[in-house]
Undergrad: 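This is the structure I have questions about; it appears just below.
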Amino acid sequence: MKVKFNNIRKSFVHVFGGNVLTENFFSKNLMFIAILVIIMILFISHRYTVLQRIAQMERLKVELKDAKYESLDISSDLTEASRQSQIEKRVEQSELGLKVTNEPVYRIQKKK
């Protein structure tokens with residue numbers, strides 16, 4: 001048991017003391033390790049950017065849904081206001097003196 005603890009302690013001191021970086025393995029592969037670290041940083045930053053865009057898309061979907069419902073409500077109000085009975089009611093309220101005719105509409109056309 002004591003041997004294992006000493007070995008762990010020596011390896012811990014060896015790694016965190018900086019002696020690992022001076023060994024032949026790390027000095028030969030320093031460029032590869034640096035490239036791996038750069039790629040990891042790029043992947044993390046890309047993931048962060050993607051998460052921000054997904055959150056923005058969700059916000060825009062909710063906003064679009066609200067805008068569609070508002071448009072539908074306004075369209076319904078306009079349809080209600082443009083009905084003939086509503087127009088007649090507003091004409092009577094404004095006392096313009098206009099009346100609906102019972103005669104059919106005449107169309108005048110040129111003869112060919």
Side-chain angles (χ1 to χ4, degrees):
M1 236 11 205
K2 196 170 194 179
V3 174
K4 290 183 180 180
F5 181 70
N6 282 339
N7 286 340
I8 292 172
R9 190 169 157 196
K10 284 181 184 177
S11 63
F12 183 77
V13 171
H14 181 69
V15 170
F16 287 103
N19 294 335
V20 167
L21 299 176
T22 61
E23 290 181 359
N24 196 17
F25 172 76
F26 283 103
S27 62
K28 284 183 179 179
N29 296 317
L30 185 62
M31 189 65 143
F32 178 71
I33 293 170
I35 290 172
L36 282 179
V37 169
I38 291 171
I39 288 173
M40 286 173 42
I41 291 172
L42 288 174
F43 278 146
I44 291 170
S45 67
H46 179 68
R47 182 171 187 262
Y48 179 72
T49 304
V50 167
L51 288 176
Q52 281 183 331
R53 287 188 181 172
I54 289 173
Q56 182 183 14
M57 285 172 48
E58 292 299 321
R59 279 194 316 270
L60 289 175
K61 282 181 185 177
V62 170
E63 188 176 327
L64 178 63
K65 194 174 186 181
D66 290 344
K68 282 182 180 179
Y69 285 132
E70 185 177 348
S71 170
L72 184 62
D73 187 41
I74 290 171
S75 174
S76 173
D77 290 342
L78 287 175
T79 302
E80 173 77 23
S82 65
R83 288 189 181 151
Q84 185 174 358
S85 61
Q86 291 294 328
I87 294 173
E88 289 173 3
K89 200 182 286 184
R90 287 187 183 194
V91 167
E92 284 178 14
Q93 287 175 353
S94 61
E95 298 177 359
L96 294 175
L98 299 175
K99 293 182 183 178
V100 179
T101 63
N102 293 333
E103 298 176 14
V105 178
Y106 294 107
R107 292 194 178 192
I108 301 174
Q109 295 180 355
K110 286 184 177 180
K111 289 188 177 180
K112 293 183 182 181

Undergrad: Linking directly or through intermediates, with side-chain heavy atoms under 4.5 Å: list the remaining ILVMFWY members grouped with Ile35, chain and number order.
TA: Met31, Ile39, Phe43

Undergrad: Please write out which residues are connected to Leu42 in a hydrophobic cluster, directly or through intermediates, given that two of Ile, Leu, Val, Met, Phe, Trp, Tyr count as joined at side-chain heavy-atom separations below 4.5 angstrom.
TA: Ile38

Undergrad: What's in the same ILVMFWY side-chain cluster as Leu78, cut-off under 4.5 Å, chained through other members?
TA: Ile74

Undergrad: Which distance, rounded to the nearest 0.5 Å, do you find between the CG of Asp77 and the CG of Leu72?
TA: 10.0 Å

Undergrad: Pair up each side-chain donor or acceptor in residues 46-55 with any protein partner under 3.5 Å, not counting sequence neighbours, and list the distances.
TA:
unit_1 : atom_1 : unit_2 : atom_2 : d
Tyr48  : OH     : Gln52  : NE2    : 3.0
Thr49  : OG1    : Ser45  : O      : 2.9

Undergrad: Counting C-beta onward and ignoring hydrogens, is there a side-chain heavy-atom pair between Leu60 and Leu64 closer than 4.5 Å?
TA: no

Undergrad: Output a table of donor-acceptor pairs, distance under 3.5 Å, between side-chain atoms of residues 86-93 and any protein atom two or more places apart or on a different chain; print 'none' if there are none.
TA:
unit_1 : atom_1 : unit_2 : atom_2 : d
Gln86  : NE2    : Glu80  : OE2    : 3.4
Glu88  : OE2    : Gln84  : NE2    : 3.2

Undergrad: Please give the remaining members of the hydrophobic cluster of Tyr106, linking ILVMFWY side chains under 4.5 Å, ordered by chain and number.
TA: none

Undergrad: Output every pair passing side-chain hydrogen bond (donor to acceptor under 3.5 Å, both in side chains) with a member in residues 57-73, not counting sequence neighbours, ordered by first then second residue.
TA: none

